[in-house]
Amino acid sequence: MNLDGMKTYQDDDEVDVVVVGTGAGGGPLLARLAARGLRVVAFEAGPNFDSTDFTQDELTAPRINWLSERISGGDTPTAFGPNNSGMGVGGGTLHWGAFTPRPDPRDLTLRTETGVGADWPIAHAELVRYLVEVERDIGVSGPTPYPWDAERTYLYEPVARNAPADLMALGCERLGVRATDAPAAMISRDREQPHHGLRRAGFNLGSIHQGDRFGTKASTAITYLPAAVADGAEIRPNSMVTGIERDGSGRVTGVTYLADGVERRQRCAALVLAGGGVETPRLLLHTGLANSSGLVGRNFLAHGAAQVWGRFDEQIRGYRGYPSALITEDFVRPQDADFAGGYLVQSLGVMPINFATNLVRGAGLWGKELMAALDDYRFSAGVGMNGEFLPSEDNLLELTDELDEWGLPRAEISLSPGENEKAIERHAITRMTEMLEAAGARSTRVVLRSAHTLGTCRMSIDPSDGVVDPDGRSHDIDNLWICDNSTFPSSLSANPGLTQMALALRTADRMLAG
Amino acid sequence: MMPVCTVFFLPGLGLDATAAAPLGEALDDRFRLVPIEFAVPAGEPDAVDGSVDALTRTALAAIAREADGGPWILLAHSMGGKIAAAIAAHVLAGRTGPDGESGLFGLAGSVLLAPSPPSPEPMSENRRVRMIGWVADESTLDEEQAQEFLSGNIASSLSDADSASALQQLSRFPPSLWRGWLEVGSREDISHEVGTLDLPVTVLAGDDDDDLGSTAQPALLKDVYPRAHFVPLPSTGHLIAYERPNEVAKAIVELWDTVIEPAPQTPAEWGRLIASSRTDVEVRSNFAERAVPDDATYAPLALTEDQLATLRRLADLLVPQPGTARIDLAARVDARLAGKPGDGWRPAGLPDDRVAYRLGLDALAQTWPDSPADQRVLVGRLVAGEEAVAAFPTAELSRRWFEDVRVDLVQSWMAHPASQARIGYDGFATGGTAPEPVGFSELAAGRRESWEPRELGRLGDRHENHDQEQHERDDA
């Protein structure tokens with residue numbers, strides 16, 4: 001993004017707020033704080049990309065992903081890197097799929113409803129006010145009316161359906177499952193984005209996880225961050241925060257960071273960590289701060305993200321069009337559930353290397369069977385789930401003895417699904433397979449995987465039960481805040497991006513309220 | 001027989017497209033020989049001034065006009081050799097050509113004949129001055145000068161017909177180009193712009209040539225073309241295309257048969273799409289590099305030779321490539337291990353990727369069975385987590401290591417443009433540096449747009465008229 005003429009601060013200036021991270025947490029919060037006149041600096045470990053840095057070459061596209069190695073364990077190690085991370089000004093929103101369902105109110109009170117999982121200490125109605133604001137800020141497309149929420153309206157008509165969406169719609173119709181165009185942070189009409197410029201609609205690129213040059217997909221780098229800079233915020237790329245400085249009373253006074261290999265320090269009156277579900281707990285565990293609960297790094301959550309692929313007679317070529325253009329929320333609470341919570345289903349088209357990788361990792365293919373499945377790529381349409389994942393203290397992030405390129409200990413993440421997750425996955429695979437078969441699939445194949453990085457610094461009312469309070473403020477240090485999806489007490493069945501942006505505006509408001 | 005490969009001939013100083021004639025006779029009909037004309041008289045629209053830039057632009061435009069989307073080789077003599085290096089650098093960088101929009105794709109290698117190097121061409125100052133003097137009054141070479149040039153550049157006499165043709169070309173060679181090359185082009189140093197070209201190249205040079213002869217060439221070119229194969233030609237001077245047309249043809253055939261043809265070829269229609277303005281410059285560059293045939297003598301960077309050999313055996317089983325063409329997937333994985341960052345994670349309990357590969361491959365080599373059936377059983381058990389590689393504590397960890405190996409190999413296969421064409425993926429031709437943003441407008445199953453390869457479906461309704469116009473243009 002354009003940072004020319006940006007206001008800058010000296011390391012010795014005590015700015016009002018330092019924000020670590022520029023994605024779905026840091027971006028909206030930075031914009032809100034700057035708009036209210038606060039002196040704010042955001043640190044971004046990765047570079048400031050020009051839109052022309054986003055490439056259609058899938059092999060080299062992960063330059064926008066966090067490629068500093070994470071170590072993944074447990075029964076079902078989750079894939080990092082291109083699967084669920086971003087790096088660069090814009091953070092994870094450079095990479096995100098822009099799939100923007102709103103959280104279902106039942107998911108926010110899962111524990112009350114079922115006795116397992118966690119409740120969110122935030123009222124759904126309050127969250128919705130922020131969700132609506134985010135949808136307006138970044139430009140979200142979707143169907144009005146929305147079948148599962150009569151109150152909802154979308155600013156833009158849905159983006160075009162591609163072939164996998166057509167097939168999922170057909171399959172759902174034949175099964176009596178409601179399905180409709182997916183809400184997406186993809187504009188369906190050209191849009192003049194304040195402080196950024198013209199965003200172009202209508203190119204139907206399937207490669208949006210590799211970044212988008214034309215601005216069809218919302219990232220914070222073309223929405224909240226330009227607004228923040230216009231209001232006087234500074235964004236410092238290539239600056240990795242490695243430490244937190246405090247005064248005698250334990251309050252934060254600044255951060256240390258590495259820029260071009262040189263250690264520097266920035267003074268601040270308040271600090272917001274917004275590095276995501278891996279980097280935020282990693283920094284806190286490394287510094288030993290804000291962990292009186294012992295829960296920093298605990299309750300790592302992903303979403304069950306199994307896919308089913310069907311082989312059709314026609315060339316589907318699901319790499320065309322918005323990759324997840326259809327949604328059903330009919331399984332957020334399935335009638336025949338033998339589990340707590342539920343899942344969303346979306347139609348799927350993926351890029352070829354992603355497809356090949358998932359066939360290997362998620363379906364165990366090799367040899368001639370693998371090559372035959374790759375030859376079926378053009379005939380394949382997918383559907384995928386995003387399923388509730390119950391918190392467990394055994395799913396966790398810990399530090400290892402191995403140091404990364406900044407001298408910080410690498411994180412090791414353990415993820416093992418419990419019985420509830422397995423039951424949800426079984427249910428979803430059955431339903432998704434039925435959908436594809438109803439749509440005319442000749443054969444189907446299951447690909448197992450997980451996505452997203454949540455929950456490692458969860459919010460709670462009771463300080464012993466979480467790392468931050470419902471506003472995002474540390475239970476331990478009153479001028480330390482967390483604004484990223486590490487604060488999610490439960491995973492929700494909705495994808496996290498939109499909800500996180502709403503939480504970011506809310507946390508900013510709580511900070512401004514003092 | 002349909003030609004399988006185009007050979008673009010870039011003649012040397014004093015000669016023109018006619019100089020391709022002896023090669024045309026020597027080459028079999030698998031090759032389509034297309035000579036490039038630099039010798040356009042001054043004043044005509046296509047005249048060239050003798051700078052590397054002008055010569056390169058002329059050649060790029062000609063190649064763009066004549067390229068059919070399939071593989072092509074540069075065959076370049078003397079002056080043309082320097083231009084060939086500039087062209088190769090241009091193509092491997094994916095850059096757009098003289099029209100500012102589309103680029104080139106399909107360069108598979110070069111055969112260079114006593115080439116002028118990217119660095120200033122070694123030439124005695126006396127000789128340069130004398131040769132410039134021949135065109136001092138902007139006249140073409142006279143008969144005596146042409147004869148002196150010819151005699152000075154051959155080791156044994158040519159046939160009467162070849163001799164007459166060469167003299168005729170010399171005597172009509174544009175003086176401005178003659179002078180321009182000697183004063184400017186030959187002296188330019190484009191080494192930096194050209195850099196290192198990882199391309200299969202055969203360099204033929206005469207034992208009886210001087211500055212550009214067989215003893216001089218390795219020093220001039222080995223850093224430019226690390227894969228260059230230098231072939232000295234005894235009793236040969238500088239005019240190799242005339243003196244040794246059969247050896248030149250043999251070098252081309254050998255390059256094709258042993259290096260290029262064994263590698264996967266991107267179908268011509270797909271090659272044209274990659275070259276077109278729809279495809280992003282960087283993507284075109286990535287594809288151009290990946291389409292270059294692998295080096296059979298590749299020396300591993302991260303692994304040992306033995307480990308690479310084991311990985312190659314695994315690659316054949318894990319990612320068996322269709323047909324007879326082969327990408328050296330193991331070598332490409334080795335290069336990635338040595339260079340680029342990994343994929344951002346690794347399984348807990350395993351060392352970093354490079355170390356894990358070394359340990360795992362060493363251990364597998366110890367127990368690798370002889371019979372293909374046993375090999376398949378072993379691989380199946382590794383994939384299923386039923387077999388521990390001695391390097392790792394458990395079968396489950398071995399499975400996770402092996403999963404990474406399988407992913408790395410299949411990603412290397414998938415990244416090749418021929419593989420993407422094979423599976424029907426043309427999304428690379430969207431979203432990039434095209435003059436106007438380009439994406440998809442037809443999303444329905446079974447349907448395609450007019451710019452897409454025809455195998456990808458029926459034309460969508462809104463594209464039918466446009467497609468017909470396009471094909472009429474193509475046919476014209």
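Below, chains carry the letters A, B, ... as their sequence lines are ordered, and counting in each starts from 1.
- In this structure, the separation between CH2 on B:Trp401 and CG on B:Leu359 is 9.0 Å, given to the nearest 0.5 Å.
- Between A:Phe54 and A:Phe49, the two ring planes are tilted [angle within 30° to 60°].
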- request: Test A:Glu412 against A:Thr400 for side-chain hydrogen bond (donor to acceptor under 3.5 Å, both in side chains), laying out the working first.
  value: CA-CA 6 Å; A:Glu412 177 172 326; A:Thr400 67; over 6 Å; no

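- With chain A as the partner, the residue from B:Gln420, B:Arg458, B:Gln321 showing the most heavy-atom pairs under 4.5 Å is B:Arg458.
- Look at B:Asp352 and B:Arg346 and you find no salt bridge, because none of the NZ, NE, NH1 or NH2 atoms lies under 4.0 Å from a carboxylate O.
- Here B:Thr430 is the residue among B:Asp404, B:Thr430, B:Asp408 with the most heavy-atom pairs under 4.5 Å with chain A.
- Contacts between B:Arg399 and chain A at a heavy-atom distance below 4.5 Å are absent for every atom of the residue.
- At a 4.5 Å heavy-atom cutoff, A:Asp404 makes no contact with chain B through either its backbone or its side chain.
- Between B:Asp294 and B:Arg312 there is no salt bridge, since no side-chain N of the basic residue sits under 4.0 Å from a carboxylate O of the acidic one.
- Residue A:Ser207: no heavy atom, backbone or side chain, is found under 4.5 Å from chain B.
- Between B:Glu452 and A:Arg378 no salt bridge is recorded (no basic side-chain N to carboxylate O distance below 4.0 Å).
- Proximity to chain A (any heavy atom under 4.5 Å) is shown, for B:Val407, by both the backbone and the side chain.
- Contact tally against chain B (heavy-atom pairs below 4.5 Å) for A:Arg410, A:Glu58, A:Arg200, A:Glu402: the top residue is A:Glu402.
- In terms of modelled atom types and a separation under 3.5 Å, the side chain of A:Asn395 and the main chain of A:Ser416 share a donor-acceptor contact.
- In this structure, chain B has heavy atoms under 4.5 Å from both the backbone and the side chain of A:Ala79.
- Remark: the backbone N or O of B:Arg447 is paired with a side-chain donor or acceptor of A:Arg317 at under 3.5 angstrom.
- Both the backbone and the side chain of B:Leu456 have a heavy atom closer than 4.5 Å to some heavy atom of chain A.
- The residue among B:Val283, B:Leu318, B:Val410 with the most heavy atom pairs within less than 4.5 Å of chain A is B:Leu318.
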ring-ring contact (aromatic ring centres under 6.0 Å, His included) between A:Phe379 and A:Trp309, intermediate numbers included: CA-CA 10 Å; A:Phe379 301 103; A:Trp309 288 86; over 10 Å; no

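- Comparing B:Met414, B:Arg406, B:Glu396 by how many heavy-atom pairs each has under 4.5 Å with chain A, the most go to B:Arg406.
- For B:Thr279, no part lies under 4.5 angstrom from a heavy atom of chain A.
- At least one donor-acceptor pair under 3.5 Å links the side chain of B:Ser398 to the backbone N or O of B:Val389.
- Here B:Asp426 is the residue among B:Thr433, B:Asp353, B:Asp426 with the most heavy-atom pairs under 4.5 Å with chain A.
- Scanning residues 160-167 of chain A against chain B with a 4.5 Å heavy-atom cutoff picks out A:Ala160, A:Arg161, A:Asn162, A:Ala163, ordered by number.
- Heavy atoms closer than 4.5 Å to chain B are found nowhere in A:Ser51, neither backbone nor side chain.
- With salt bridges taken as basic N to acidic carboxylate O contacts below 4.0 Å, none links B:Glu269 and B:Arg272.
- Considering only heavy atoms from C-beta on, A:Lys217 stays 4.5 Å or farther from A:His209 through its side chain.
- Between B:Phe428 and B:Phe287, the two ring planes are perpendicular [angle over 60°; tilted spans 30° to 60°].
- Aromatic ring orientation, A:Tyr319 versus B:Tyr425: perpendicular (interplanar angle above 60°, classes split at 30° and 60°).
- Of the listed residues A:Ile316, A:Thr357, A:Ile413, the one with more heavy-atom pairs under 4.5 angstrom with chain B than any other is A:Thr357.
- Look at B:Glu449 and A:Arg320 and you find no salt bridge, because none of the NZ, NE, NH1 or NH2 atoms lies under 4.0 Å from a carboxylate O.
- Defined by atom type and a distance below 3.5 Å, a donor-acceptor pair is present between the side-chain atoms of A:Asp50 and A:Thr52.
- Of the atoms belonging to B:Asp280, it is side-chain heavy atoms, and not backbone ones, that fall under 4.5 Å from chain A.
- Put simply, of A:Gly321, A:Pro62, A:Pro352, the one with the most heavy-atom pairs under 4.5 Å next to chain B is A:Pro352.
- Using a 4.5 Å cut-off between heavy atoms, A:Leu370 touches chain B through its side chain atoms alone.
- Your options are A:Gln315, A:Lys368, A:Arg361, A:Glu369, and the one with the most heavy-atom pairs under 4.5 Å with chain B is A:Arg361.
- With a 4.5 Å cut-off on non-hydrogen atoms, B:Glu403 touches chain A through its backbone and its side chain both.
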